[in-house]
Amino acid sequence: MARFSGLDKETGHSARGKSGVLLVNLGTPDEPTAPAVRRYLAEFLADPRVVEIPKLVWMIILHGIILRVRPAKSAALYKEIWTDEGSPLLAISEQQRSKLSEVLAESDKEASVHLAMRYGNPSVASTLQAMHKQGIDNIVVLPLYPQYAAPTTASAFDSIAKELCQWRYIPALHFINTYHDNPDFISALANSIEQDFAKNGKPQKLVLSYHGMPERNLHLGDPYYCFCMKTSRLLVEKLGLQEEDYITTFQSRFGKAKWLQPYTDATIESLPAQGVTDIAVICPAFSADCLETLEEIQGENRHIFEGAGGKNFRYIAALNDNDDHIQMMANLVKPYL
C-alpha cells in the first residue's frame, strides 16, 4: 500500500516545494550493551551489500555463531569510547548536521538538513517520512563515505529506494555517490595534517589507513580501492610528501577471506623493525570518528606499534565538524538546492 498520496489534508500540494539535505552515515548501537549491539549487528550484517555470500548459509552462521559471541565483545569496546553525549559517531554526525544547517542558512540556498543512519537510529525510513511531512520534495542525499563502495554508499541508496518505492509521490532526488577527489575534501584533509605537523612535528611516516574491503569486491568491479588510492595520491601531492614519507593501508578486516592490502595492523607492527618509530595515522575514509578510529586505531593499533618497539604514535582525528569540512559539504549540495 502506498504510504503517502501527496494529497492528504495535513500536507497537501500547497505545502510542497521545499528542499532538504539528507546526511547518511553507517550507524551505531543505541547503547554500549550486548542486547543493543546484537540488534545493531543483526541489521548491519544481514545486509547483502555487506556480506556477499549465499543468504541461507550466512544466516545460519550469523544467528548461530556471530550474534551469540560478538555482541558482548563489541559492547565492551563501545563502552571504552562512549561519551556523556552517547555514541561518538552519532554525536559528531549531529554536530555536522547542525553546522551544515547554519552554513546553508547563511547562504542563498534555503534547505533543512537531516541526519539518518543506515543501521540503527535515526533510521533512513523515519527520517525520510519526517522530511515528507515538512513538505520537502527536493532531496539532496550526501552519504558521508568519501570513497564510493557498494557495502556503504550503494547500501545507503538501497535503504532510500526501499522506503521511497512505497510512496505515491516520489520527491526529486539527487544522490552524491562519491567525493574522493573533491578539491575541498583534499584541502580539508591536508589542512588537518598540516596543523598536526605544525604542532607535533613531521613524523617519520604518515599512515593513511582506509577501511578495508574484501579483495573480491575489487575484482567484481567495485571502485573503492581505486578511489582510496586516488585520495592518497591527491593528498600527498597537496602536502608535498615524498614516496618514503607515507604509506596507504587498510584496516578493520573481518572473517578469513583475503581483504585489500597492506593491512594496517600488520604494517604498523612491522615499522619499528625498519627503524620507523615515530608515526602519525589518519583515516581518510571516515568522515567522523567512531569505533574503528577511536578504539581500533587510537587504542588497539597504538598498543601494537608500541609493543613492537615504536616510540611515538599519534592519531590525527577525522574531519568531524571542522569548519572546512562543513563548508565542503555545503559546496557539494548547493548545486542541487
Side-chain angles (χ1 to χ4, degrees), residues 21-26 88-107 109 111 113 115 140-149 152-153 156 176-203 206-211 224 226-241 245-249 251 280-290 292-294 297-298 314-337:
V21 176
L22 177 60
L23 302 178
V24 183
N25 212 321
L26 191 75
L89 175 62
L90 183 57
I92 294 168
S93 297
E94 175 54 33
Q95 292 165 6
Q96 293 172 334
R97 185 209 63 78
S98 179
K99 291 184 73 170
L100 178 58
S101 181
E102 292 174 2
V103 169
L104 291 177
E106 294 170 356
S107 72
K109 300 293 186 180
V113 183
L115 172 67
V140 184
V141 182
L142 177 57
L144 293 174
Y145 314 115
Q147 298 81 19
Y148 174 96
T152 52
T153 317
I176 299 171
N177 72 337
T178 187
Y179 54 95
H180 65 282
D181 57 354
N182 179 276
D184 293 332
F185 172 59
I186 300 300
S187 292
L189 285 174
N191 290 341
S192 178
I193 294 169
E194 287 172 339
Q195 290 170 13
D196 176 86
F197 286 8
K199 179 180 179 180
N200 301 302
K202 183 179 177 181
L206 174 66
V207 180
L208 306 173
S209 179
Y210 295 82
H211 197 289
Y224 176 75
C226 302
F227 286 178
C228 290
M229 299 307 289
K230 187 169 185 180
T231 296
S232 288
R233 178 177 64 78
L234 294 174
L235 179 57
V236 298
E237 287 176 357
K238 183 81 172 178
L239 292 167
L241 298 182
D245 295 330
Y246 74 96
I247 186 169
T248 294
T249 63
Q251 65 182 83
V281 184
I282 191 169
C283 301
F286 295 88
S287 61
D289 278 316
C290 55
E292 286 82 1
T293 63
L294 299 175
I297 296 298
Q298 190 164 245
R314 64 181 187 269
Y315 166 65
I316 301 174
L319 295 177
N320 294 329
D321 65 340
N322 292 356
D323 289 345
D324 51 5
H325 190 211
I326 302 302
Q327 188 60 56
M328 179 216 73
M329 295 182 194
N331 293 343
L332 281 173
V333 303
K334 278 182 180 180
Y336 307 102
L337 296 177

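When reading the values below, keep in mind they use all heavy atoms of this one structure, side chains included, and skip hydrogens, waters and symmetry mates.
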Practice problem: Would you kindly say whether Gln147 and Thr231 are connected by a side-chain donor-acceptor distance under 3.5 Å? | Solution: yes
Practice problem: Inspect the surroundings of NZ in Lys238 and state if more than 12 heavy atoms from other residues, nucleotides or ligands are less than 6.0 Å away. | Solution: no
Quiz item: Does the pair Asn331 and Gln327 meet the rule for a side chain to side chain donor-acceptor pair (under 3.5 Å), with working shown?
Solution: CA-CA 6 Å; Asn331 293 343; Gln327 188 60 56; 3.0 Å; yes
Self-check item: Heavy-atom side-chain contact between Thr178 and Thr153 under 4.5 Å
Solution: no
Quiz prompt | Within-4.5 Å side-chain heavy-atom neighbours: Met229 and Thr248 | solution = yes
Exercise. Could you tell me which non-hydrogen atom of Phe185 sits nearest to which non-hydrogen atom of Pro284, and how far apart they are?
Key: CZ-O, 3.5 Å
Quiz item: Which atom names give the shortest non-hydrogen contact between Ala318 and Ala288, and what distance separates them?
Solution: CB-C, 3.8 Å
Exercise. Would you sort out whether Leu104 and Val113 count as a side-chain contact (heavy atoms from CB on, under 4.5 Å), showing the intermediate values?
Key: CA-CA 9 Å; Leu104 291 177; Val113 183; 3.8 Å; yes
Quiz item: Should Tyr145 and Asn25 count as side-chain neighbours, where that means a heavy-atom distance under 4.5 Å?
Solution: yes
Practice problem: Compare all side-chain heavy atoms of Leu241 with those of Leu206 and state whether any distance is below 4.5 angstrom. | Solution: yes
Quiz item: Can we say Glu102 and Lys99 salt-bridge, meaning some charged N sits less than 4.0 Å from an Asp/Glu carboxylate O?
Solution: no
Quiz item: Can you find a pair of side-chain heavy atoms, one from Gln298 and one from Arg314, that are under 4.5 Å apart?
Solution: no
Quiz item: Do the ring planes of His211 and Phe286 sit parallel (below 30°), tilted (30 to 60°) or perpendicular (above 60°)?
Solution: tilted
Quiz item: If you measure from CG on Leu142 to CE on Met329, what distance do you get to the nearest 0.5 Å?
Solution: 6.5 Å
Quiz item: When you look at Ile186 and Asp181, which way does the side-chain contact (heavy atoms from CB on, under 4.5 Å) test go after all the steps?
Solution: CA-CA 7 Å; Ile186 300 300; Asp181 57 354; 5.7 Å; no
Quiz item: Is the number of heavy atoms from other residues, nucleotides or ligands within 6.0 Å of OH (Tyr336) greater than 12?
Solution: no
Exercise. Go through the side-chain N and O atoms of Ser232 and Tyr210 and say whether any donor and acceptor fall under 3.5 Å apart.
Key: yes
Quiz item: Got more than 12 heavy atoms from elsewhere within 6.0 Å of CG, Asn177?
Solution: yes
Quiz item: Do Ser287 and Tyr179 come close enough that some side-chain heavy atom pair is under 4.5 Å?
Solution: yes
Quiz item: Are Leu189 and Ser187 side-chain neighbours, meaning at least one heavy-atom pair lies under 4.5 Å?
Solution: no
Self-check item: 4.5 Å side-chain heavy-atom contact, Leu208 and Leu235
Solution: yes
Quiz item: Going through the distances and angles, do Ser107 and Lys334 end up as a side-chain contact (heavy atoms from CB on, under 4.5 Å)?
Solution: CA-CA 9 Å; Ser107 72; Lys334 278 182 180 180; 3.7 Å; yes
Self-check item: Test log, rule side-chain contact (heavy atoms from CB on, under 4.5 Å), inputs Val141 and Val24
Solution: CA-CA 7 Å; Val141 182; Val24 183; 4.2 Å; yes
Quiz item: Going by atom types alone, do Gln195 and Asn191 pair a side-chain donor with an acceptor below 3.5 Å?
Solution: no
Self-check item: Tyr315 and Asp196 side chains, donor-acceptor separation under 3.5 Å
Solution: no
